**Q** 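Encoded as structure tokens, here's the structure I'll be asking about.
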Amino acid sequence: MNLHEYQARELLSQHGVPVPPGEVAASAEQAEAAAACIGGQVVVKAQVHSGGRGKAGGVKLAGGPAEAREAAEQILGTAIRGLPVHQVLVAPAADIRREIYVSFVLDRAEKTVSLIASAEGGVDIEEVAATSPESIVRAHADPLLGFQPWQAREVAFRLGLGGAHVRQFADIAMKLYEVFTENDASLVEVNPLAEVGSGELQALDAKVTLDDNGLFRHRHLAALRDTSQEDPSEVRAAQAGINYVKLDGEIGCMVNGAGLAMATMDMVKLYGGEPANFLDIGGGATAEQVTAALNIILSDPNVKAVLINIFGGIARCDVVAHGIVEALEHVERRVPMVVRLEGTNAEEGRRILENAHLHSAVSLSEVAELAVRLVTGDASAPKELPVSTSEA
Amino acid sequence: MNLHEYQARELLSQHGVPVPPGEVAASAEQAEAAAACIGGQVVVKAQVHSGGRGKAGGVKLAGGPAEAREAAEQILGTAIRGLPVHQVLVAPAADIRREIYVSFVLDRAEKTVSLIASAEGGVDIEEVAATSPESIVRAHADPLLGFQPWQAREVAFRLGLGGAHVRQFADIAMKLYEVFTENDASLVEVNPLAEVGSGELQALDAKVTLDDNGLFRHRHLAALRDTSQEDPSEVRAAQAGINYVKLDGEIGCMVNGAGLAMATMDMVKLYGGEPANFLDIGGGATAEQVTAALNIILSDPNVKAVLINIFGGIARCDVVAHGIVEALEHVERRVPMVVRLEGTNAEEGRRILENAHLHSAVSLSEVAELAVRLVTGDASAPKELPVSTSEA
Amino acid sequence: MSILVDRNTRLLVQGITGREGEFHTTQMVEYGTQVVAGVTPGGGGKAVAGAPVYNTVHEAVAETGANTSIIFVPAPFAPDAVYEAAANGIELIVCITEGIPALDEVKMYRYVREQGARLLGPNCPGVTTVGEAKVGIIPGNIHIPGPVGLVSRSGTLTYEAVAALTAAQIGQSTVVGIGGDPVPGTSFVDTLRMFEEDAETRGVVLIGEIGGTAEEEAAEYITEMSKPVVGFIAGRTAPPGRRMGHAGAIISGGRGTAEEKVRALEAANVQVATTPAEIADFVDLALAAG
Amino acid sequence: MSILVDRNTRLLVQGITGREGEFHTTQMVEYGTQVVAGVTPGGGGKAVAGAPVYNTVHEAVAETGANTSIIFVPAPFAPDAVYEAAANGIELIVCITEGIPALDEVKMYRYVREQGARLLGPNCPGVTTVGEAKVGIIPGNIHIPGPVGLVSRSGTLTYEAVAALTAAQIGQSTVVGIGGDPVPGTSFVDTLRMFEEDAETRGVVLIGEIGGTAEEEAAEYITEMSKPVVGFIAGRTAPPGRRMGHAGAIISGGRGTAEEKVRALEAANVQVATTPAEIADFVDLALAAG
């Protein structure tokens with residue numbers, strides 16, 4: 001789960017990271033008032049869960065309240081990379097002397113939390129990694145001790161900092177690590193950490209991504225979720241405990257397990273079709289989940305056929321079959337459907353489908369091929385093929 | 001540093017440990033009011049840094065406010081094992097069904113924090129350890145993970161707890177561990193953890209000892225120190241950074257290093273004398289510290305002679321010698337004194353003493369023997385002996 | 001013989017009285033696994049599918065000599081269960097639970113290694129040594145015994161691959177699901193190393209997916225292996241920047257793509273199949289060549 | 001030959017620009033110790049007693065090949081310095097600092113071992129291999145070289161014992177102060193084991209004090225030793241229940257008394273002296289008998 005910049009700044013500030021003042025505004029009037037309150041030149045920044053805001057026109061400099069109002073008017077209500085902008089952050093325009101990149105990430109290779117920093121801040125870190133990898137400094141937290149001050153100092157020296165900046169950087173890094181661990185983050189990024197006119201280091205932009213699996217320990221953070229920044233059907237899916245990612249194709253997929261779901265999408269593509277979505281109904285899929293999944297898939301108007309592929313382990317095919325039969329009575333829209341059940345209680349599942357006059361395919365290849373045929377309009381699909389269509 | 005029971009209870013309560021209500025009273029009137037407020041039978045407990053309060057008459061049961069007043073009158077202003085009672089705790093008399101002992105301690109042998117528990121609570125745990133060691137259950141916190149819930153549950157089962165008590169005990173144990181680690185304790189003890197009439201487990205008495213070395217991280221706890229519970233000269237010594245323990249003999253000792261201080265006391269005893277104190281002036285003893293140490297030693301009216309034994313490592317004998325010379329100009333009382341300087345800059349130290357017409361002994365045996373002779377009144381100590389007396 | 005579990009595995013089920021625990025205990029017993037004990041705090045004295053239930057792992061191990069544990073405990077309590085198993089001498093801990101916070105996984109990984117034990121998972125389907133012991137939730141009836149080891153980051157895709165092998169009459173030695181979480185207790189490399197040393201295994205199937213660098217690390221080790229390896233990578237069509245489910249499967253910053261992984265594996269002489277059915281074809285060829 | 005430090009010790013001083021760090025660096029250099037570097041964050045580029053100062057241990061080790069470190073850093077920052085040394089490949093870390101919280105010592109102990117390094121201290125006077133290297137604050141001029149190893153929990157009492165040996169013309173191989181804190185990095189047993197294996201050492205003096213059970217554990221190991229051990233226990237006259245200074249020396253619950261320790265040592269055939277002078281007498285006898 002992503003936080004907005006203003007939420008991330010507040011979290012950092014609570015942990016003592018120096019963050020310049022700033023106010024969130026949901027209207028041009030509020031932005032104007034905020035600029036007046038802050039005084040001087042301000043920067044107006046779209047609050048949106050997307051990178052590259054600057055290039056997309058989501059960040060504007062304003063000389064005073066009137067200009068801030070104008071900037072907010074231009075930004076609010078637009079969409080950046082498809083995401084709606086409902087709020088802007090108004091902050092003083094900083095006199096930037098130097099820009100540093102610093103982040104903590106969950107590091108799979110090192111199996112711990114790692115710091116990543118670069119003296120080339122203010123730009124996309126992935127670009128820096130590609131063009132000048134030697135400028136990137138890393139340090140790994142030992143799980144017994146957590147990140148230690150000596151590590152932060154060493155990074156500071158490697159970044160070429162000196163004097164009071166070493167202590168300041170170390171202090172900020174220790175606090176960012178605390179933000180990471182105390183909130184079960186998977187990314188805490190400050191870019192840039194800037195030396196401003198006063199000589200002080202300040203976090204001018206902040207990004208925090210939380211580990212969804214850790215949210216049960218942080219209810220107050222879970223409440224910060226801004227579902228306006230997510231696809232509504234993905235939000236509905238998440239509420240039903242379903243992993244759903246909307247894509248651009250025509251074949252809706254319902255699969256149990258992320259790996260099998262991806263493999264199923266790959267098979268659809270291999271047979272010439274385009275998957276409309278990734279959907280993993282999760283471990284112990286119940287009838288309710290199947291119904292919910294089907295409705296989510298069908299809420300996508302592009303979907304012309306549905307492929308269900310269930311290989312039961314924890315999920316039991318009989319339960320899934322019941323779910324399918326039940327769901328068909330409640331779905332909002334009817335499209336052709338192909339089903340394949342395998343694994344735990346598969347035979348019983350197939351029997352249940354059969355009793356409801358639904359037949360099932362026997363392999364992944366077969367079910368994928370059938371789904372593609374349904375969409376490419378091969379209406380002459382031979383009757384003996386185990387295709388079950390729920391079309392009227 | 002020890003906390004009073006009422007302070008320990010509050011600390012535990014802040015961490016969510018169930019503690020019955022209770023009020024501190026500094027006068028009989030306050031105790032009466034507290035009893036009225038609590039209602040029913042209450043227990044009035046002396047707040048004093050000493051064990052065995054019950055046997056010493058420091059804990060009394062009272063049927064109501066009037067009796068509570070009477071009990072407080074009897075307890076307040078007395079001394080228990082030499083420590084003055086300035087406050088009492090008034091708490092409801094519990095209907096106790098079962099008493100458990102549970103504590104966390106810094107475990108030197110295991111080199112971590114350990115839980116110690118026994119189903120035989122409410123009595124002195126050292127007695128339990130001596131009489132029925134098999135009833136004592138231990139569990140050690142792994143430094144990587146800290147104390148874990150499974151350990152707390154296992155202890156609960158071993159104590160013979162069942163049903164909801166297992167969960168309750170585990171919950172309380174986890175919180176006590178948190179109290180220990182978050183406050184740099186060296187002991188957190190609840191005795192008894194009692195099953196009361198409602199069936200709930202409650203911490204009826206609590207003892208917390210803090211690691212003095214950790215106090216710099218917990219200024220608010222350092223402020224809880226009750227110096228009325230310590231010897232005033234020990235308090236003065238601590239403020240000067242000196243380790244001082246008052247004893248009952250006549251020979252005041254000033255030594256650098258705890259081990260050498262103990263060995264010096266042992267030598268005094270070996271030669272038939274009785275040390276008046278343990279005193280370690282610490283690592284880098286300055287002139288101010290020597291002066292302070294000398295004044296602390298001489299504030300004990302029993303002291304008839306002073307033995308100074310310094311083996312310089314970090315401490316430099318020249319600094320110590322300067323301190324002695326300076327101190328002699330400011331001390332409140334004059335008694336015979338023998339000095340022995342050895343180690344870093346010892347020769348310069350001895351020269352400084354000599355210039356001030358003070359001579360020094362050459363060995364620990366010699367200085368101990370001389371000190372004892374001074375006290376046993378062997379006034380005929382031959383002049384050629386390197387005895388320096390500052391007596392007029 | 002075979003890897004991780006076998007006839008001599010004495011299995012303890014943690015969370016045995018829960019819905020999943022009970023269901024899969026029955027399934028494992030039916031497969032022939034020696035389920036010697038269960039643990040549910042407060043459930044001591046009960047029995048599930050013939051296995052006595054204890055309050056603590058300590059008691060269960062002392063009474064039954066359990067040496068392997070499988071965990072069906074909800075995510076907030078699963079790390080505690082893993083620690084309890086590792087602290088009490090369990091040698092192999094199979095953690096089925098999904099949804100464990102990554103910071104807990106970091107500690108689980110470290111602690112279990114320090115105790116000299118092995119963790120499989122979390123968020124994995126477990127391990128089956130065909131015809132000997134099933135410690136997990138992989139459907140038992142899809143296997144036939146044989147010379148091919150299989151290791152996978154995925155759950156149900158593992159079943160798909162096994163079913164494809166079985167359909168082609170290619171039997172399996174041991175099938176291992178290492179799980180798709182960010183910090184798995186056992187890696188591809190760990191498992192490949194065990195297969196390399198296992199006398200019963202003649203070739204290995206590796207099922208990977210997008211995200212992370214586990215397949216690239218595996219490819220590096222495979223260059224040192226004497227046995228043939230056939231690969232499969234799920235997520236060739238996944239768009240970058242979107243997380244495909246709980247599997248931690250995400251292509252970010254141009255890293256972790258299926259192309260990269262296929263390239264790395266092929267550079268290590270691994271034939272990479274594009275469909276489950278093709279896995280079986282490639283294995284057939286590899287075994288015939290070997 | 002000798003233990004812990006010798007001619008080949010390449011010493012790094014952490015906190016070298018502080019008052020104590022600077023003073024004792026000079027003393028160590030004068031003794032003949034190879035002080036190759038110092039570290040003070042922000043002090044890089046300076047020099048103390050001829051040793052170049054670096055900002056980080058990493059840099060110091062890379063530039064000078066330091067293999068041993070001594071720490072003169074105030075208590076709140078000393079654990080960090082220990083971790084930095086251990087993480088950067090220092091093999092022996094001597095921590096002079098006193099006043100470190102016990103919970104930090106628990107982590108220091110564990111971490112340094114995990115890194116495969118050794119910690120001496122904290123709150124210790126360090127170690128001197130007579131005539132070769134002094135890594136600590138034990139006055140250099142009290143030693144003469146010879147066949148006796150000495151290990152002590154105490155600071156200045158160590159000097160006293162060494163001085164007594166020297167006065168009796170009994171030379172020392174290595175003198176080790178393990179420190180008196182609750183969780184020392186190196187124990188009596190660790191040190192005795194090194195002396196037992198050291199060809200230069202023919203006998204050992206062990207200086208203990210009241211509190212804890214370190215002397216009892218030592219006694220147990222001594223029964224396995226081939227070399228004679230002479231003991232001394234400070235605190236025979238200390239009253240129970242009073243903590244004698246920072247040394248963690250306290251008799252509580254009737255445990256940790258001098259009597260118990262003397263009894264345990266004597267049961268292990270250790271002659272326990274009652275005065276420092278007697279230590280020398282007993283050593284003389286033991287070496288003559290050996």
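Side chains included, hydrogens not; waters and symmetry mates left out as well; all remaining heavy atoms used. Reminder, nothing fancy here: chain letters follow the sequence lines and each chain counts from 1. Predicted model, so just to flag it, every value in this text is computed and none were measured.
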**Q** Tell me, side chain or backbone of B:Leu364 under 4.5 Å from chain D's heavy atoms, or both, or neither?
**A**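 Answer is both: backbone and side chain atoms of B:Leu364 are under 4.5 Å from chain D.
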**Q** By a 4.5 Å heavy-atom criterion (distance strictly below it), what part of D:Ile100 contacts chain B: side chain, backbone, both, or neither?
**A**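 Just its backbone gets close to chain B.
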**Q** If you measure from CD on D:Glu114 to CG on B:Leu144, what distance do you get to the nearest 0.5 Å?
**A**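 It is 7.5 Å, given to the nearest 0.5 Å.
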**Q** Need one label for B:Leu247: side chain, backbone, both or neither, based on atoms under 4.5 Å from any heavy atom in chain D.
**A**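 B:Leu247 touches chain D through side-chain heavy atoms alone.
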**Q** Is chain D contacted by the side chain of B:Asp124, its backbone, both, or neither, given a heavy-atom distance below 4.5 Å?
**A**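 Interface part for B:Asp124: neither.
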**Q** When rounded to the nearest 0.5 angstrom, what is the spacing between CG in B:Asn213 and CD in D:Glu98?
**A**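 With rounding to 0.5 Å, CG (B:Asn213) is 8.0 Å from CD (D:Glu98).
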**Q** Answer yes or no: does atom CD of D:Glu220 have more than 12 heavy-atom neighbours from other residues, nucleotides or ligands under 6.0 Å?
**A**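 Count not over threshold, so no.
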**Q** According to salt bridge (charged side-chain N to carboxylate O under 4.0 Å, His left out), who are the partners of D:Arg118, at least two apart in sequence or on a separate chain?
**A**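 Partners of D:Arg118 under the salt bridge (charged side-chain N to carboxylate O under 4.0 Å, His left out) test: D:Asp190.
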**Q** Contact part of D:Arg110 toward chain B, heavy-atom cut-off under 4.5 Å: side chain, backbone, both or neither?
**A**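 Just its side chain gets close to chain B.
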**Q** If you define the side chain from C-beta out and look only at heavy atoms, does anything of D:Arg236 sit under 4.5 Å from B:Lys269?
**A**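 Sidechains of B:Lys269 and D:Arg236: no contact.
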**Q** Tell me if the CG atom of D:Asn141 is crowded by more than 12 foreign heavy atoms within 6.0 Å.
**A**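 Counting neighbours around CG of D:Asn141, more than 12 heavy atoms of other residues, nucleotides or ligands fall under 6.0 Å, so yes.
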**Q** For B:Asp211 and D:Ala102, indicate whether the former's side chain and the latter's backbone hold a donor-acceptor pair under 3.5 Å.
**A**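 Judged by distance alone, yes, a pair lies under 3.5 Å.
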**Q** Identify the residues of residues 155-163 of chain D whose heavy atoms come closer than 4.5 Å to a heavy atom of chain B, ordered by number, or report 'none'.
**A**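 Counting heavy atoms that sit under 4.5 Å from chain B, the residues of residues 155-163 of chain D involved are D:Thr156, D:Leu157, D:Tyr159, D:Glu160, D:Ala163.
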**Q** Once rounded to the nearest 0.5 Å, what's the spacing between atom CG of D:Leu103 and atom CD of B:Glu182?
**A**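 If we round to the nearest 0.5 Å, D:Leu103:CG and B:Glu182:CD are 11.0 Å apart.
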**Q** So which heavy atom on D:Ala234 is nearest to which on B:Gly259, and how close?
**A**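 Minimum heavy-atom contact is CB-O, 3.6 Å.
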**Q** Does any heavy atom of chain D fall under 4.5 Å from the side chain of B:Met265, the backbone, both, or neither of them?
**A**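 Answer is both: backbone and side chain atoms of B:Met265 are under 4.5 Å from chain D.
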**Q** Check whether D:Pro76 gets within reach of chain B through its side chain, its backbone, both or neither, counting any heavy atom under 4.5 Å.
**A**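 The answer is both parts of D:Pro76.
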**Q** Flag the pair D:Asp181 and B:Arg108 as a salt bridge only when some basic side-chain nitrogen lies within less than 4.0 angstrom of an acidic carboxylate oxygen.
**A**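 No, no charged N to carboxylate O under 4.0 Å.
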**Q** So which of B:Ala130, B:Ala346, B:Gly343, B:Pro143 has the biggest tally of heavy-atom pairs under 4.5 Å with chain D?
**A**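 If we count pairs closer than 4.5 Å to chain D, B:Pro143 comes out on top.
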**Q** Please tell me if the side chains of D:Asp104 and B:Arg217 come closer than 4.5 Å, counting only heavy atoms from C-beta onward.
**A**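 D:Asp104 vs B:Arg217: side chains touch.
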**Q** Check each atom of B:Thr181 against the heavy atoms of chain D and say whether the ones under 4.5 Å are side chain, backbone, both or neither.
**A**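 It is both, since atoms from each part get that close.
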**Q** How far does CE of B:Met262 sit from OG1 of D:Thr237, to the nearest 0.5 angstrom?
**A**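 These two atoms lie 9.0 Å from each other.
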**Q** Would you say that D:Val106 contacts B:Lys111 through its side chain, given a criterion of any heavy-atom pair below 4.5 Å between the two side chains?
**A**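 No. Closest side-chain heavy atoms not under 4.5 Å.
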**Q** Side chain, backbone, both or neither: which part of B:Tyr244 has an atom under 4.5 Å from a heavy atom of chain D?
**A**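 Neither part.
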**Q** Name the region of B:Asp212, side chain, backbone, both or neither, that has any atom closer than 4.5 Å to a heavy atom of chain D.
**A**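 Side chain of B:Asp212 only, per the 4.5 Å heavy-atom cut-off to chain D.
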**Q** Go through the atoms of D:Phe23 and report whether side chain, backbone, both or neither lie under 4.5 Å from a heavy atom of chain B.
**A**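 Interface part for D:Phe23: side chain.
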**Q** Between B:Thr112 and D:Tyr109, is there a side-chain heavy-atom distance shorter than 4.5 Å?
**A**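 No; the side chains remain at least 4.5 Å from each other.
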**Q** Counting heavy-atom pairs closer than 4.5 Å to chain D, which one of B:Ala261, B:Gly312, B:Ala109 comes out on top?
**A**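 Option with the top pair count is B:Gly312.
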**Q** Taking all non-hydrogen atoms of both residues, which atom of D:Pro182 and which atom of B:Leu106 are closest, and how far apart?
**A**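 Answer, listing the atom of D:Pro182 first, then B:Leu106: CB-CD2, 3.5 Å.
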**Q** If I measure from the heavy atoms of chain B, does D:Ile207 come under 4.5 Å with its side chain, its backbone, both, or neither?
**A**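 No part of it gets close to chain B.
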**Q** Please determine whether the number of non-hydrogen atoms from other residues, nucleotides or ligands lying under 6.0 Å from atom CD of D:Glu266 exceeds 12.
**A**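 Buried by this count: over 12 neighbours within 6.0 Å.
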